[in-house]
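Below, all heavy atoms of this structure are taken into account, side chains as well, without hydrogens, waters or symmetry copies. Position 1 is the first residue of the sequence; numbering continues from there.
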Amino acid sequence: PLKFCLEALSFMSLDLSKFNTDCLIGSNVPMMYGSRQVSPVVAAFLLAIILVCKRKWYDPELRFVEEFTNTVGAVTQMLFIAILISVTVPFICYNHPNGKSSMVSYPEILCFEDSGHYVMVGISITALCTVVATFVGLVCYGVFRFPAAKRSSSSMMVHLRMFKFLFLQYEPHAYYFGTIALLRGLLVCLVPVAIRDKGAAQVLAIASIMLGFQICVRCVQPWASAFANALDGALTALLILMLLCVQLTDSNVDSDELVSAVGLMCFIFALACIIGALGLNAQWFLRPSPFWTYFICHHKADAAGQARYLQLSFVQMTGKSCFIDSDHLANLDGLFDIVRSKIQHLVVFLTSDTLKRPWCAGEVTVASVTHRRAIPVYTPSFEIPAFDDISPYNILKYIAESDFGLSDYGLDEKMLSDAFHWVLGDSLPVVNMRTNVSSRLRLVAIVEDCTGVVARASTNAGHGEAAKNHKPKTSIYTIQDLSSGYVVVSADSSDDEACAAAGIVMMKISHKVVEAGILGVHLLHELPNLDVADLEEVPLRAQSLIVVLSQGSLKLDMQLYLIAEAMKAIDTGISVVPLTLPSFRFPTQSFFSEYLPKNYEQEAKMLATSLKAFFKRIAVQFATHASNQVLEAQAIIIFDRIDKKHVAGKHQRSVRQLSTTKSEEWVVGVRSSSVTGELTASGSPEEPDGNSDCASICSF
């Protein structure tokens, strides 16, 4: 059965006799052999005719040379070993006892004695010099020209289109691996020519070549996916086992049937691996996994925190998956593949430099040439570039290509320019960031607007302007509505990244806070009409205070006076947690000796003393650009710094202090929400929208 299976694959060596072609070309062996060698040339000629017709009647912009070279190269690369086996047939002979030799494929022809053999040798040499040598030279030229072509984006694109068959299947760092694969096929096919009548030696030589090649594969990992690298190793091992089984079967060993059965199992398993790989590729193409509903394209330097808050909000508010690259930093080369086939909508968060970043520009371009589903989000910092700046001639000057070249990924200037005009044009629904609400609620509104766009698109409704009159749902409350016993988070309300970081902290610790018996989490900077005079009450009402420190925090009156009031009330049991963002820089001596006296005069000494006491506490570094796992770990650290030992005592003590120091009366009650299971505090009876609590602000 094993030999039958191997003989069934003889069609891969271009043996036309299996197709009963005697009626067309006769039974003359040299004629049959010549027809096998001419078939690749005839196929290339027919392809050229097809491409000419296609360019004339279907695609006038078709690049003939590039398309022809890539197509012929792809087919020849796939059939290279079969072509080599066919070409070397006249040189594969076996010896007779009388010293003569015959061809293995045609035993009736004596090697280098019959005139027919000389004809076949001449045809073989001609085929080697035309078909094989031309293809080998083409591959070597493509590989060795690749580094030089990278220096020019235009020549790089032409080179990639022409040699797509050579580079597309390999990782960028292994662009040269096509020559190694070619060398492997060449050496394997020359083994029967160099070693005659010694089956064991042939098997040993072929196995050595295959194992050496497999060592290269394991070291370089050239294939574009880990699955392909593993499949390469599995098929190589099965092929070696099959060769050993065939050799042992020919040696007439005692366990001939067992060896044949093992070889047959290897053949079946190899065939199953190939069919399974094709099936998996088809499944990944039709139903890619994992699959994300949203992909947030953003510039980390401008909007790392805002993008993270958007991602968490998409997941929480819609129940859909949302991709952000900070969670998938193992292989950034795969980002374009994800945009191409594994997302439903590309959310382009446009800040000042989003489209100037190569990764963002590439993501937009890939989306524009594939599924064309994108939602541009305009922020106040974004300025639409001039038409000339994003033209094909100037687009690379507009994009900061210092990190890498987009041409390495097959994206040329025209594709980039067309993509920019597409994402900034009128064909897509546009979401504008609100300016009439706090920074965090702007992001909440963006999520609602984006989901509204998707809903309208699914019902074929007009997209127009995205929710122009939409106002995010929130309870407007004052400092008097802030019931005691909450964790209070304060940030610079004018800094979008700081507000987003505060929102992330709230989302990450809210459930832990409630489980610990604390009433909830408030964002202090979202209080409307908050005055410096109101800050005195915050430490008395708050269970804990988290101060988010960003670039301009220490030049903000609210933050400075809040820190001062918190340090004054430190004896009441409030826990104060400094939280630093990547943009924050700790104050130097000049800040205390020059800036504070110049701007605060009489209060400078008090503020300096409070700040120095404040910074004696170890700050928690909160990296908004980090992965979700890192943010979860940082949230645990923040939660551990919150005082959870005196929850009830702090709550009652704050009420007594406020009742004796303020003229207003507070009636504090605690109720359990039957819907969310979270504890909320009832406040003033005159709440907006008829609400008697601040639950919508306490928890997201």
Side-chain angles (χ1 to χ4, degrees), residues 292-330 332 335 338-339 343 345-354 357 359-360 363 375 377 379 381-382 431 433-434 438-451 472 489 491-493 495-512 521 523 525-526 546 548-551 579-584 620-639 699-700:
W292 292 271
T293 304
Y294 300 99
F295 182 109
I296 299 179
C297 171
H298 67 287
H299 180 208
K300 279 189 175 62
D302 292 339
Q306 297 172 77
R308 171 60 69 180
Y309 191 84
L310 275 177
Q311 186 257 345
L312 295 173
S313 300
F314 269 115
V315 173
Q316 189 177 68
M317 295 173 63
T318 67
K320 305 292 186 180
S321 57
C322 184
F323 182 97
I324 188 170
D325 58 4
S326 300
D327 293 335
H328 305 270
L329 294 176
L332 287 178
L335 282 180
I338 292 173
V339 174
I343 67 168
H345 299 280
L346 180 72
V347 179
V348 187
F349 195 73
L350 295 170
T351 53
S352 58
D353 293 331
T354 301
R357 303 305 302 160
W359 285 113
C360 298
E363 291 161 5
I375 305 174
V377 178
T379 66
S381 64
F382 177 72
V431 172
M433 178 180 275
R434 304 287 176 270
S438 65
S439 295
R440 183 185 67 86
L441 297 180
R442 296 176 196 172
L443 300 176
V444 175
I446 287 174
V447 175
E448 295 181 351
D449 289 350
C450 289
T451 53
V489 183
D492 182 358
S493 60
D495 189 332
D496 292 337
E497 281 294 283
C499 293
I504 296 171
V505 171
M506 182 183 71
M507 296 179 73
K508 294 293 184 184
I509 70 172
S510 288
H511 66 283
K512 297 183 177 69
V521 181
L523 298 180
H525 51 277
E526 291 188 356
I546 300 173
V548 179
L549 299 171
S550 55
Q551 186 174 12
L579 187 72
T580 60
L581 300 185
S583 63
F584 178 74
V620 178
Q621 296 182 353
F622 198 70
T624 53
H625 59 275
S627 67
N628 192 52
Q629 292 180 336
V630 174
L631 294 177
E632 289 285 357
Q634 293 172 338
I636 292 174
I637 296 174
I638 296 170
F639 177 70
S699 60
F700 188 79

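Annotation: salt bridge (Lys or Arg N to Asp or Glu O under 4.0 Å) contacts of D492 (sequence neighbours excluded): none. Residues satisfying the side-chain hydrogen bond (donor to acceptor under 3.5 Å, both in side chains) test with T318, not counting sequence neighbours, are none. F314 meets the ring-ring contact (aromatic ring centres under 6.0 Å, His included) test with Y294; sequence neighbours excluded. Considering only residues two or more places apart in sequence or on other chains, T354 meets the side-chain hydrogen bond (donor to acceptor under 3.5 Å, both in side chains) condition with T351. In this structure, the side-chain hydrogen bond (donor to acceptor under 3.5 Å, both in side chains) partners of S381, at least two apart in sequence or on a different chain, are T379. Not a single ring-ring contact (aromatic ring centres under 6.0 Å, His included) links F622 to another residue, sequence neighbours left out. By the side-chain contact (heavy atoms from CB on, under 4.5 Å) test, I637 pairs with V620, sequence neighbours left out. Residues satisfying the ring-ring contact (aromatic ring centres under 6.0 Å, His included) test with F382, not counting sequence neighbours, are Y378. Here Q311 pairs with R308 under the side-chain hydrogen bond (donor to acceptor under 3.5 Å, both in side chains) rule; sequence neighbours left out. K508 meets the salt bridge (Lys or Arg N to Asp or Glu O under 4.0 Å) test with E632; sequence neighbours excluded.
Of all heavy-atom pairs spanning S313 and M507, the tightest one is N-CE, 4.2 Å. Across all non-hydrogen atoms, the minimal contact from C499 to H525 is SG-CD2, 3.8 Å. Between L631 and T624, the shortest heavy-atom distance links the atoms CD2-CA, 4.4 Å. Here the closest heavy-atom approach between residue A498 and residue L581 is recorded as CA-CD1, 3.7 Å. Looking at every heavy atom in both residues, G305 comes nearest to I504 through O-CD1, 3.6 Å.
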For Q306 and E497: C-alpha separation, side-chain torsions, deciding distance, then whether side chain to side chain donor-acceptor pair (under 3.5 Å) applies.
CA-CA 6 Å; Q306 297 172 77; E497 281 294 283; 3.1 Å; yes
Full working for side chain to side chain donor-acceptor pair (under 3.5 Å) between S550 and D495:
CA-CA 8 Å; S550 55; D495 189 332; 3.2 Å; yes
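L579 is not listed as a side-chain neighbour of L549, based on a closest heavy-atom distance of 4.5 Å or more.
The aromatic rings of W292 and F323 sit perpendicular, their planes meeting at an angle over 60°, well past the 30° parallel limit.
When atom types are taken as modelled, the side chain of D449 and the backbone of V431 share no donor-acceptor pair closer than 3.5 angstrom.
Here D496 does not pair with R440 in a salt bridge; the nearest charged N to carboxylate O distance is not below 4.0 Å.
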